[in-house]
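Only a predicted model underlies this, so the values are computations on that prediction, with no experimental measurement involved.
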Amino acid sequence: MKNIPVAFDANMVADAKSYSPSASKPAAVMADWAQRLDALPHNLIPVRPATVEQLLTAHSGGYVADVLSCRAENGFGNTEKSVAQALPWMVGSMLYAAQHVLSGRYGSMRESDIPAACSPSSGFHHASFSRGAGFCTFNGLLITAIVLKNMGLVRKVAIIDCDYHFGDGTQEIIDHLGLKWINHWSAGAYFKRPDQARDFMLGLPYAVKHAAAGCDLALYQAGADQHLLDPLGGLLTTEQMARRDRQVFWVLREYGVPVVWNLAGGYQRDMNCTIEPVLALHRNTMRQCVDIYVRGEEREKEVIL
């Protein structure tokens, strides 16, 4: 059976001492998936930390230097050394997952590999050129896209952001650097209320198709905070979120656009104060990825392009 490549390294995990679990979440997600390897077949691929030079492709030099040296606050609003050390690895996870998924275009991908990979990372889309915010410090989405462009591996990239919140940092960097070759679609700019869920679900395949048109790669933020019960979100039911992921993967597969997806958002806790509700949503995203790319299942018939 084929496996979903996952770019994980323990160095990308930190204790941010924050309301947001995103800095420590990668380890929890990987432990959860490891218990379900038969249902969620995946394999680890190597990760290296993003270099300072790579971080500078999307951020100012002073900001990068101050964050890494703990002189300036990170996106969690503190200067924790463990966070500073983990940040290049978190970005590196996205970058190396993308390099892996693109390798098939250059003849090095094995027959058993698939045009989809996961980076169990988060904390990207509120990071702007010279400032972190909203639990985001460095914008790994744009760093990945720009580095790949500079390497000549892509000409055009789609960023499909299904976090509950608008990717304001992503858009600010795109505008600041004039990155017209990036198609950025952020659901948080348009859909915020449960009564908009039906319109979101009906329009999603068209939005993905439009964003990915002519692109060499799609970066998909599968935000868990779009869930109806999320304390910082609230749009979709659990079933709708599964259909969301299924639609995104199906459209990208049908149009031949490789995808790297990551684990944005998610702030729910259960009665024991664990993040099991968030892990369940990320588990469902992996399940949809497996169904589409490994088992080849089709999306729901009522969804018409």
Side-chain angles (χ1 to χ4, degrees), residues 2-7 94-95 97-119 125 141-142 144-146 148-149 151-163 167 170 174 179-187 189-191 199-223 226 236 240-262 264 284-305:
K2 296 179 181 179
N3 295 306
I4 303 298
V6 179
M94 198 75 186
L95 177 58
Q99 287 181 301
H100 176 86
V101 85
L102 287 171
S103 62
R105 292 178 177 267
Y106 303 95
S108 59
M109 182 173 281
R110 300 167 301 178
E111 185 178 352
S112 60
D113 288 331
I114 59 177
C118 172
S119 166
H125 75 160
L141 302 167
L142 287 175
T144 294
I146 296 170
L148 294 176
K149 174 82 166 179
M151 294 173 66
L153 297 180
V154 297
R155 295 166 299 172
K156 191 174 181 181
V157 174
I159 296 177
I160 299 164
D161 190 342
C162 284
D163 189 275
T170 301
I174 289 173
L179 307 177
K180 296 182 180 180
W181 49 273
I182 294 180
N183 288 350
H184 177 220
W185 184 79
S186 180
Y190 311 103
F191 303 99
D199 289 340
F200 170 79
M201 296 303 302
L202 289 174
L204 182 60
Y206 301 94
V208 174
K209 178 183 176 182
H210 179 74
C215 289
D216 302 299
L217 176 70
L219 305 178
Y220 170 43
Q221 288 224 118
Q226 276 195 327
L236 306 175
Q240 287 171 329
M241 291 197 59
R243 290 182 58 208
R244 174 201 75 176
D245 296 330
R246 193 176 196 81
Q247 289 177 4
V248 172
F249 292 136
W250 193 92
V251 172
L252 294 175
R253 187 195 71 178
E254 289 302 294
Y255 286 91
V257 181
V259 59
V260 173
W261 54 280
N262 72 323
N284 285 341
T285 302
M286 174 60 93
R287 184 172 292 113
Q288 300 308 315
C289 187
V290 168
D291 284 349
I292 295 299
Y293 288 99
V294 175
R295 299 193 173 99
E297 294 182 14
E298 299 295 335
R299 61 180 183 157
E300 296 87 343
K301 292 182 180 179
E302 69 269 18
V303 180
I304 302 174
L305 287 178

| request: Using only heavy-atom distances, determine whether the side chains of Tyr220 and Asp245 contain a donor-acceptor pair under 3.5 Å. | output: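 Per modelled atom types, Tyr220 and Asp245 side chains form a pair under 3.5 Å.
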Minimum heavy-atom distance [X]-[Y], with the two atoms named:
X: Asp216; Y: Leu102; value: O-CD2, 3.6 Å
X: Leu148; Y: Ala98; value: CD1-CB, 3.6 Å
X: Gly223; Y: Met241; value: O-CE, 3.3 Å

To the nearest 0.5 Å, how far apart are [atom1] in [X] and [atom2] in [Y]?
X: Ile174; Y: His184; atom1: CD1; atom2: NE2; value: 5.5 Å
X: Leu95; Y: Thr144; atom1: CG; atom2: OG1; value: 5.0 Å
X: Leu204; Y: Ile160; atom1: CG; atom2: CD1; value: 8.5 Å
X: Thr285; Y: Ile4; atom1: OG1; atom2: CD1; value: 12.0 Å
X: Cys118; Y: His100; atom1: SG; atom2: NE2; value: 12.0 Å

| task | Quick one: sort the Phe200 and Trp185 rings into parallel, tilted or perpendicular, breaks at 30° and 60°. | result | parallel
| request: Output all residues satisfying side-chain contact (heavy atoms from CB on, under 4.5 Å) with Ala264, sequence neighbours left out; order by chain, then residue number. | output: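 Only Asp163, Gln221 meet the side-chain contact (heavy atoms from CB on, under 4.5 Å) criterion with Ala264.
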| query | With Asn284, which residues qualify under side-chain hydrogen bond (donor to acceptor under 3.5 Å, both in side chains), at least two apart? | reply | Arg287
| said: Taking side-chain hydrogen bond (donor to acceptor under 3.5 Å, both in side chains) as the definition, give me every residue that meets it alongside Ser119, ordered by chain and number, with sequence neighbours left out. | reply: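 Ser119: side-chain hydrogen bond (donor to acceptor under 3.5 Å, both in side chains) contacts with Ser93, Ser121.
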| Is a donor on one side and an acceptor on the other found under 3.5 Å between the side chain of Lys156 and the backbone of Ile182? | no
